[in-house]
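Okay, so here's the structure we're looking at.
One-based numbering, in listed order, for ligands and for the atoms of each.
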Amino acid sequence: MGALNDIFGVMFASMSSLKMRAEAGGKHISGAERLLADVELESAAVIMLQRALQHSRGSADKITFSIEEHQDEQIRPGVLPDLTNNLVDDWQQGRDVAQALLVEAGVAEVAAQNALLELHQGAAPGGESMRGAMLIDADSGERLEEDPARGVRASRMDLTDDARQFLEAALNSAGFNNTHVIEALTLAAKVIAAPNLVAELCWSDDPDYTAGYVASGCFGYQRISCLKQQGERRGGRAFFVRTADKDLATTIDWLERVPLLIDQIGTILPGKDWRCC
Ligand code: WAQ
Ligand code: MG
């Protein structure tokens, strides 16, 4: 690691993906994924470690890191979706908004309902949060992922330094600059660009973070101010797919293996207020 792969200078320094996973008693506490220039690995790993050690889901008894180098030519450029902030009174109204947005994105009603129920009940065996996302058939609502505890993990994606700075400035002006939003936007950019992917539904598994979103290629990132009760530890993600031949390999390969570096941010659009007066 660390070798420059181009004689013209540091702009062409190689990049690596960095992953962290923290667990306690075999249960998922937190995870994080970055795609970074090698010189940034050390400081990013320290930040991830601090996060794992101080997580609101509890204290980890096992933390695993992995680092893998990528060649420049493997890395694809990416674009962040536009963000719309949907303001709701409570999680029940939030779920109604999520259901309507999923249907607008082309997900069948039954599939949207099924995903909302699975996340509500805890989608991993034993009613826990999964480590990754469910893969859901956008028509039947059937769960398609092989391992219902791990699911599918979107990985190897990040923002360029410039894109991160522009995004932080835009989110600051909109009043919700925080790590959850930045990471979720980055992840959603990769997810909605995947082949055969119709939409994504997400809410956090952190007990003190109640916001979530629905994302799709047609309307971008629709943030929903509340999708669960304060204190609730069950959260998760659903990736809705539609394939003619049930071939999920191309979608999973894009999500888990193709490195994506986002160099263009989207627009923060005016919010929508669903609250009762
Ligand atoms: N790939 C697939 N699923 C994942 C990944 C990943 N890389 N990382 C987390 N998950 C799943 C897993 O089931 C977690 O339990 C769940 O998502 C929630 O993860 O606009 O903080 O990191 O204010 O807790 C969304 C709203 C916040 C942000 C999402 O998710 C906003 C959040 P968390
Ligand atoms: Mg979390």
Side-chain angles (χ1 to χ4, degrees), residues 17-24 27-35 48 51-52 54-58 60 66 80-88 91 94 98 115 118-125 127-136 143 145 147-158 167 170-171 174-192 194 197 200-215 220-228 232-240 251-252 254-257 260 266 268 271:
S17 60
L18 167 67
K19 290 190 206 173
M20 180 279 291
R21 182 179 155 204
E23 53 193 291
K27 290 179 186 164
H28 173 74
I29 295 282
S30 74
E33 336 260 332
R34 301 285 313 267
L35 180 66
M48 277 187 189
R51 189 160 118 176
Q54 298 156 8
H55 205 276
S56 61
R57 281 174 60 77
S66 79
L80 282 187
D82 293 341
L83 182 154
T84 306
N85 194 28
N86 293 275
L87 293 166
V88 293
W91 64 271
E118 294 273 8
L119 292 188
H120 179 77
Q121 294 174 337
E128 302 286 335
S129 295
M130 297 169 71
R131 304 200 292 281
M134 296 183 282
L135 267 188
I136 296 207
R143 283 178 68 170
E145 75 279 3
D147 177 344
R150 177 184 183 273
V152 177
R153 276 195 73 90
S155 184
R156 303 182 179 177
M157 66 274 167
D158 214 327
L167 178 63
L171 290 175
F176 41 83
N177 182 13
N178 72 56
T179 320
H180 287 275
V181 188
I182 296 171
E183 287 184 357
L185 268 172
T186 308
L187 188 149
K190 186 156 198 228
V191 171
I192 61 177
L197 209 304
E200 179 190 359
L201 165 69
C202 162
W203 65 82
S204 179
D205 57 11
D206 299 13
D208 52 0
Y209 201 82
T210 57
Y213 64 90
V214 171
Y221 181 99
Q222 295 281 336
R223 178 174 198 265
I224 302 172
S225 60
C226 184
L227 274 176
K228 69 170 190 185
E232 173 62 68
R233 293 168 57 85
R234 286 168 297 190
R237 284 184 155 90
F239 300 161
F240 296 89
T251 309
I252 295 173
W254 168 270
L255 292 167
E256 297 197 334
R257 285 178 277 280
L260 186 79
I268 314 287

Element-labelled atoms of ligand 1 that are located less than 4.0 Å from some non-hydrogen atom of [X]:
X	answer
Cys202	29 (C)
Asp206	24 (O)
Gly236	13 (O), 16 (C), 17 (O)
Tyr213	25 (C)
Gly132	2 (C), 3 (N), 4 (C), 11 (C), 12 (C), 13 (O)
Met130	12 (C), 13 (O), 14 (C), 15 (O)
Trp203	18 (C)

Which residue and heavy atom of the protein sit nearest [atom], plus the separation:
atom	value
atom 21 (O) of ligand 1	His180 ND1, 2.7 Å
atom 2 (C) of ligand 1	Val152 O, 3.3 Å
atom 28 (C) of ligand 1	Tyr221 OH, 3.3 Å
atom 6 (C) of ligand 1	Leu187 CD1, 3.5 Å
atom 15 (O) of ligand 1	Asp205 OD2, 2.6 Å
atom 23 (O) of ligand 1	Tyr209 OH, 2.5 Å
atom 9 (C) of ligand 1	Arg237 NH1, 3.3 Å

Could you tell me whether a side-chain N or O of Glu232 sits under 3.5 Å from a main-chain N or O of Arg234, the two making a donor and an acceptor?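 A pair under 3.5 Å: yes.
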Would you tell me which option among Ala238, Ala32, Gly151, Ala154 has the nearest heavy-atom contact to atom 7 (N) of ligand 1?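 Considering heavy atoms of Ala238, Ala32, Gly151, Ala154, the nearest to atom 7 (N) of ligand 1 sits in Ala154.
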Look at atom 8 (N) of ligand 1 and find which of Glu183, Arg156, Arg153 reaches it with the closest heavy atom.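 It is Arg153 whose heavy atom sits nearest to atom 8 (N) of ligand 1.
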Is there a polar contact between ligand 1 and [X], counting only N or O atoms under 3.5 Å apart?
X	answer
Ser204	yes
Arg223	yes
Ser129	no

Atom [atom1] in [X], atom [atom2] in [Y]: separation rounded to 0.5 Å?
X	Y	atom1	atom2	answer
Ile224	Thr210	CD1	OG1	11.5 Å
Asn178	Glu183	CG	CD	9.5 Å
Asn86	Cys226	CG	SG	12.5 Å
Leu83	Tyr213	CG	OH	11.0 Å
Leu187	Glu200	CG	CD	5.5 Å
Glu256	Glu33	CD	CD	9.0 Å

[X] versus [Y]: any side-chain heavy-atom pair under 4.5 Å?
X	Y	answer
Ser155	Arg257	no
Leu260	Leu35	no
Thr179	Ile182	no
Ser66	Arg21	no
Leu119	Arg237	no
Thr251	Val152	no

Applying a strict 4.0 Å limit to heavy atoms, is Gly212 in contact with ligand 1?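 Judged by the 4.0 Å heavy-atom criterion, Gly212 does count as contacting ligand 1.
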Answer yes or no for Val191: is there a heavy-atom contact with ligand 1 below 4.0 Å?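 Not so, Val191 does not reach ligand 1.
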Measuring from the Mg ion (ligand 2), count protein N/O/S atoms under 2.8 Å, please.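 That number is 2, waters not included.
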Set of residues satisfying side chain to side chain contact (heavy atoms under 4.5 Å, CB included) with respect to Asp82, sequence neighbours excluded: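 By the side chain to side chain contact (heavy atoms under 4.5 Å, CB included) rule, Asp82 matches Thr267, Leu269.
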Contacts of Arg131 that satisfy salt bridge (charged side-chain N to carboxylate O under 4.0 Å, His left out) - sequence neighbours left out: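 Arg131 satisfies salt bridge (charged side-chain N to carboxylate O under 4.0 Å, His left out) with no other residue.
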Can you name the residues that form a salt bridge (charged side-chain N to carboxylate O under 4.0 Å, His left out) with Asp158, not counting sequence neighbours?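 Asp158 satisfies salt bridge (charged side-chain N to carboxylate O under 4.0 Å, His left out) with Arg34, Arg164 once adjacent residues are dropped.
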